[in-house]
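Computed from heavy atoms alone, side chains included, the values below leave out hydrogens, waters and symmetry copies. Count residues from 1 along the sequence.
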Amino acid sequence: MPAAVHGTPYLPDGAHQGGGGLSGADQKIKTLSPAVAAHLQRIYSAHADTVTKAWRQEDVSVWLRCCQGDDEAELARDFPLHQDWDYESFFQYTTSSAANSIAPPRSQDLSYPLSSYFISSSHNTYLTGNQLSSDSSVDAYRNVLLRGCRCIEVDVWDGSDSESEDDDGDAESVTSSSSSSSDDAYGSGEEGIASKLKRKAKRKLPSFLGGRKKSKDKKVPEPTTATPPPPPPAAATTTEAAPVGLSAETNPLERCKSGGSASLFQTLSRKSTKEPRVLHGYTLTKDITFRDVCEAIKDYGFATTDLPLIVSLEVHCSAEQQEMMVDIMRQIWGDLLLPEPEEDAKYLPTPEELRGKILVKVKYAPPNNEGGSTGSTTPEELDNTAAAASGRLSEEAGQPKQRAKKPSKVIWSLSKMGIYTRGVSFKSLMQPEANMPTHIFSLSESGVMDVHKESRSALFEHNKHYLMRAYPSGMRILSSNLDPAVFWRKGIQIVALNWQNWDEGMMLNEGMFAGTGGYVLKPAGYRCAKLTDSNPSPSPSPLASDTQADAVQHYTMDLTINVLAAQSLPLPPGDDNIDSFRPYLKVELHVEEPGERHGTDELPQDGKEKGGEYKAKTKSIKGGCDPDWEGKFGAQTELKFENIPGVVPELSFVRFLVLDDEIGRDSLAAWACVRLDRLREGYRFVHLLDAKGMESDGAVLVKISKKLRL
C-alpha cells in the first residue's frame with residue numbers, strides 16, 4: 001500500500017472499490033475451496049444420468065429455466081446448450097459471471113429528461129474523513145469518479161488570507177454542508193463526539209470564523225451589497241463563452257465603485273494573487289486548490305463512463321475570486337462544458353444528449369437580479385427554509401409568504417454557467433422558481449421529510465419533472481450516511497452521501513448503481529413522459545395526484561436463501577488471526593415501511609432504515625475463511641422471509657453481511673448489496689467486497705427462491 005502523501009490518508013484505487021457500482025462488473029470464481037467444490041459436485045450428481053453420469057440436453061434446459069430462471073437465449077452465446085453437459089460444462093457455467101447473484105443491468109433508455117433518473121452522488125467530496133478535522137484531498141475526487149460517482153460537490157472559498165463569510169457567519173456554520181445525527185451502522189456515540197469536536201474547533205478558530213467572542217452584544221456589521229451586473233449584450237453571446245478577464249469593466253472592485261455587483265466583503269480592498277481554495281468552511285479541515293480539483297475532474301470525470309457529470313458548487317468566495325473560478329473552469333474544462341445557450345431551456349435535456357459534458361450546478365442569480373432566488377445559500381439556510389415551509393405547504397392551495405429579496409452574492413458570469421442545474425433556495429413547492437425547468441432544490445434529510453409529511457403529493461409530482469438534491473444532516477460529524485432508499489422512494493434524483501465512510505448508506509448506493517455508469521432510470525410511475533414531436537414539453541399535470549404509495553405496484557414477497565458454504569472470506573480490518581475468526585452470514589431486507597409510504601412516520605431512525613425488522617442469520621463457525629454452513633448445520637442454514645409487504649423490486653434491497661462473532665460488537669468482514677429486481681434465483685455465488693469496499697476473492701454459495709404476488 002502506498003504511503004500517505006503530506007499526511008493525507010491513503011485512498012485506495014477507486015477502480016477496485018465499491019460504493020458506486022463496482023459489483024455490477026463481470027465477476028468469476030477463480031478457484032474452489034474443498035467445501036464449495038463438494039457442494040457443486042453434489043448438485044451436479046443429483047441431476048446426472050445414472051448410466052452416463054452426464055446431464056442430458058433436455059435436463060440442462062429444464063434446470064436452467066426452472067431452477068435458475070435463466071434466459072437460455074442469452075446463455076447460448078457462451079455455453080453449449082444443444083448437447084449433453086459433463087461436469088466440466090457445469091463447472092464452466094457455475095463459476096462464470098452467469099452464476100453471479102446480481103443480474104447485469106438492463107439496457108438503459110437514456111432518452112428521458114434528466115429528472116427521470118437516479119444519479120449516484122457524493123457529499124463534501126473533498127473530505128477524507130470526518131466533517132470537522134479531516135484532510136481535504138484531490139485524491140478524493142479521483143477516488144469517487146473512478147467508483148462511478150456522477151455528482152460531486154466542491155465548496156469554494158477565497159484563496160487570500162482574509163476569508164469571506166457566508167450569510168450567517170456564526171459558530172453554527174461549523175456544521176455547514178454536513179448532515180445527520182444518528183450513529184452509523186457499526187459505530188456509536190457520534191453525537192457526543194460531534195459536540196466535542198465542535199467545541200475544539202470553536203476554541204481554535206478566530207472569532208470571525210465562529211470561535212469564541214469577547215462580547216456577546218457586539219456584532220460585526222454586514223456591508224451592503226449592490227445589484228448584480230446586467231447580462232452581456234446579445235451581440236456578445238456566442239456558442240462557446242470566452243474566458244472572463246479582470247478589466248475595469250469586469251473587475252468586481254471597480255464595479256463596486258460605480259454601483260455594480262460585488263460580494264459580501266466587496267468593500268474590503270484586497271489584492272489577492274492566490275486562487276480559490278476548496279475546504280469545509282469554519283472547521284479545522286485542510287484545504288486544496290480549486291485549480292487542482294478542476295484538473296482532477298478533467299482527468300477522471302469520464303474515465304469510467306461518458307454519462308454527464310454534475311459539479312455542485314457551493315460558493316463562499318468574493319466576486320473577484322468568483323471571476324477566477326470562471327476563468328479556471330473555462331480554461332481547464334474547455335469543450336467539456338456546455339455551450340452557452342441563446343435562450344433559457346424550456347425543458348431538461350436527456351442524459352444521451354449530455355454525454356461527455358460537465359454540468360455546473362451553481363446558485364441562480366437572475367439577470368439584473370429580477371424576480372429570482374437570492375443570496376448565497378448555506379445548508380443551514382436550507383434547513384431553516386424547509387422547516388418554515390413545512391408549516392405553510394398544502395396539497396390543495398395556499399400561497400407562500402412573500403419575503404423581501406436581497407441581491408445575489410454569486411456573480412452573473414459564474415451563475416450563468418448553471419445552464420440546466422440552477423441552484424435555488426427552497427421556500428415552498430409553490431414559489432415561482434419551482435416551475436423553472438432548470439431549477440434544482442437542495443434540502444437536508446429532515447427538510448425533505450417535513451415537506452413529504454405536509455405535501456407528499458406535490459413533492460412527488462415535482463420530482464417527476466424537476467431536479468432535487470437531498471444531503472446529510474449537519475450533525476453527521478463523523479460522516480455517517482442517511483438511508484438513500486428513503487429519499488429515492490420520494491423521487492429525489494440526487495441523494496448525496498459521504499463516500500469516505502462505509503455504512504448501510506454506501507452499501508445501498510452500491511446496490512442501486514451496480515454496473516450502471518451512475519444513472520438509473522426511475523420506475524415508470526416515478527418519471528415524466530419522454531420528449532417527442534407530439535409531446536415537446538412534458539409539463540406537470542395540475543391534476544396529478546400520484547404519491548410513492550400509488551405510483552407503482554407494491555407486492556408481497558416470499559424470499560428464501562439457503563446458505564451452503566463460503567470461500568476466501570476476508571478478515572475484519574486490523575484482524576490477522578484466522579484461527580479466532582468466527583464468521584456468520586447475516587441477511588437484511590431493506591423495503592418500504594407503510595408509514596413512510598403514506599407520510600405518517602417520522603424519518604426512520606434519523607434517516608437510517610429500520611435495519612433489523614427483516615433480518616436472519618446463520619450460526620457462526622470458528623477457525624477459517626472457508627466455512628461450510630450447510631455441511632455443519634444442515635437445514636438450519638435456510639433463511640426465510642415470508643409475507644413481506646409493500647415491496648417495490650426496483651427500490652428494495654437485499655444486504656449480505658459477513659460478520660465476526662465476537663464478544664460485544666461483531667466486526668464486519670465483508671458484504672454485498674443487491675437490488676431486489678436484479679437478485680437472481682437458483683444456485684448463485686454472492687461476490688463480496690471487504691469492509692472497506694474493496695474487491696475481494698470472497699464468495700458465498702447460496703440457493704435463492706423469490707416469489708412476488710399482488
Side-chain angles (χ1 to χ4, degrees), residues 23 25-56 59-60 62-64 66-70 75 78-81 83-102 560-571 578-579 581-585 587 618-639 656 658 669-672 674 679-690 695-705:
S23 55
D26 187 18
Q27 295 173 306
K28 300 177 181 179
I29 298 294
K30 300 172 185 176
T31 60
L32 293 178
S33 70
V36 170
H39 283 290
L40 292 181
Q41 183 65 60
R42 177 182 55 79
I43 296 166
Y44 175 81
S45 298
H47 299 274
D49 183 87
T50 55
V51 177
T52 64
K53 306 300 182 184
W55 284 17
R56 294 175 299 181
D59 293 332
V60 172
V62 170
W63 186 79
L64 290 173
C66 299
C67 179
Q68 299 293 94
D70 282 334
L75 293 177
D78 301 309
F79 303 101
L81 301 185
Q83 65 184 54
D84 292 353
W85 272 17
D86 56 13
Y87 181 76
E88 183 62 32
S89 299
F90 173 76
F91 175 84
Q92 179 188 357
Y93 165 82
T94 53
T95 57
S96 73
S97 59
N100 192 340
S101 60
I102 304 178
T560 301
I561 300 175
N562 188 14
V563 184
L564 303 180
Q567 64 178 36
S568 304
L569 296 179
L571 295 174
I578 294 178
D579 293 336
F581 186 37
R582 298 173 58 92
Y584 66 92
L585 182 70
V587 178
T618 68
K619 293 182 178 181
S620 61
I621 297 179
K622 182 180 179 180
C625 296
D626 303 321
D628 183 0
W629 282 294
E630 189 181 66
K632 184 173 181 65
F633 301 115
Q636 297 179 53
T637 62
E638 190 174 71
L639 309 181
F656 299 86
V658 175
W671 60 275
V674 186
L679 182 67
R680 285 167 158 166
E681 293 190 78
Y683 291 98
R684 303 290 176 182
F685 278 103
V686 179
H687 291 265
L688 300 170
L689 302 175
D690 71 16
E695 287 179 318
S696 82
D697 291 328
V700 184
L701 178 62
V702 298
K703 183 181 181 184
I704 299 170
S705 173

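Leu688 and Ser696 get closest at one heavy-atom pair: O-OG, 2.8 Å. Nearest heavy atoms, Ser568 versus Asp626: N-OD1, 2.7 Å. Between Pro570 and Ala669, the shortest heavy-atom contact is O-CB, 3.3 Å. Of all heavy-atom pairs spanning Pro627 and Pro583, the tightest one is CG-CG, 4.1 Å. Considering all non-hydrogen atoms of both residues, Ala699 and Ile29 come closest at CB-CD1, 3.7 Å. Nearest heavy-atom pair, Cys625 versus Phe581, reported as atom, atom and distance to 0.1 Å: SG-CD2, 4.1 Å.
Of the inter-residue distances, the one linking Phe90 atom CZ with Gln41 atom CD reads 8.5 Å to the nearest 0.5 angstrom. Atom CZ of Phe685 sits about 5.5 Å away from atom CG of Leu32, to the nearest 0.5 Å. The SG atom of Cys67 lies 8.0 Å from the CD1 atom of Ile43; values are rounded to the nearest 0.5 Å. Separating the CD1 atom in Ile102 from the NE2 atom in His687 is a distance of 8.5 Å, to the nearest 0.5 Å. Taken from CG in Leu585 to CD1 in Ile561, the straight-line distance is 8.0 Å, to the nearest 0.5 Å. Considering CG of Asp697 and OG of Ser33, their distance stands at 12.0 Å, rounded to 0.5 Å.
Here Asp628 pairs with nothing under the salt bridge (charged side-chain N to carboxylate O under 4.0 Å, His left out) rule; sequence neighbours left out. Taking Glu630 as the reference, Arg42 meet the salt bridge (charged side-chain N to carboxylate O under 4.0 Å, His left out) condition, with sequence neighbours excluded. Ala98 is linked by a side-chain contact (heavy atoms from CB on, under 4.5 Å) to Leu75, Phe79, Tyr93, Ser96, counting only residues two or more places apart in sequence or in another chain. The side-chain contact (heavy atoms from CB on, under 4.5 Å) search around Asp86 returns Tyr44, Glu88, Ser89, not counting sequence neighbours. Ser705 pairs by the side-chain contact (heavy atoms from CB on, under 4.5 Å) definition with Thr560, Glu681, Lys707, not counting sequence neighbours. Applying the ring-ring contact (aromatic ring centres under 6.0 Å, His included) test to Trp671 and every residue at least two apart in sequence or in another chain returns Trp502. The side-chain contact (heavy atoms from CB on, under 4.5 Å) search around Thr52 returns Asp49, Ala54, not counting sequence neighbours. In this structure Asp59 satisfies the salt bridge (charged side-chain N to carboxylate O under 4.0 Å, His left out) test together with Arg56, sequence neighbours excluded. Partners of Tyr683 according to the ring-ring contact (aromatic ring centres under 6.0 Å, His included) rule, which considers only residues two or more places apart in sequence or in another chain, do not exist here. Listed by chain and number, the residues in a side chain to side chain donor-acceptor pair (under 3.5 Å) with Gln636 are Lys619 (sequence neighbours excluded). Shown here are the side chain to side chain donor-acceptor pair (under 3.5 Å) partners of Gln92, two or more places apart in sequence or in another chain: there are none. Taking Asp84 as the reference, nothing meets the salt bridge (charged side-chain N to carboxylate O under 4.0 Å, His left out) condition, with sequence neighbours excluded.
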Discussion item. Is there a side chain to side chain contact (heavy atoms under 4.5 Å, CB included) between Thr94 and Leu701? Walk through the geometry before answering.
Written reply: CA-CA 10 Å; Thr94 53; Leu701 178 62; over 6 Å; no
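Using a distance-only test at 3.5 Å, with no hydrogens or angles considered, no donor-acceptor pair links the side chain of Thr618 to the main chain of Thr637. In this structure a side-chain-to-backbone donor-acceptor pair under 3.5 Å is missing from Arg680 to Gly69. The backbone N or O of Tyr584 sits nowhere less than 3.5 Å from a side-chain atom of Trp629 that would complete a donor-acceptor pair. Side-chain atoms of Arg684 do not come within 3.5 Å of backbone N or O of Val700 as any donor-acceptor pair. Here the side chain of Asp690 pairs no donor or acceptor atom with the backbone of Glu695 at under 3.5 angstrom.
The shortest side-chain heavy-atom distance between Leu81 and Leu64 falls under the 4.5 Å cut-off.
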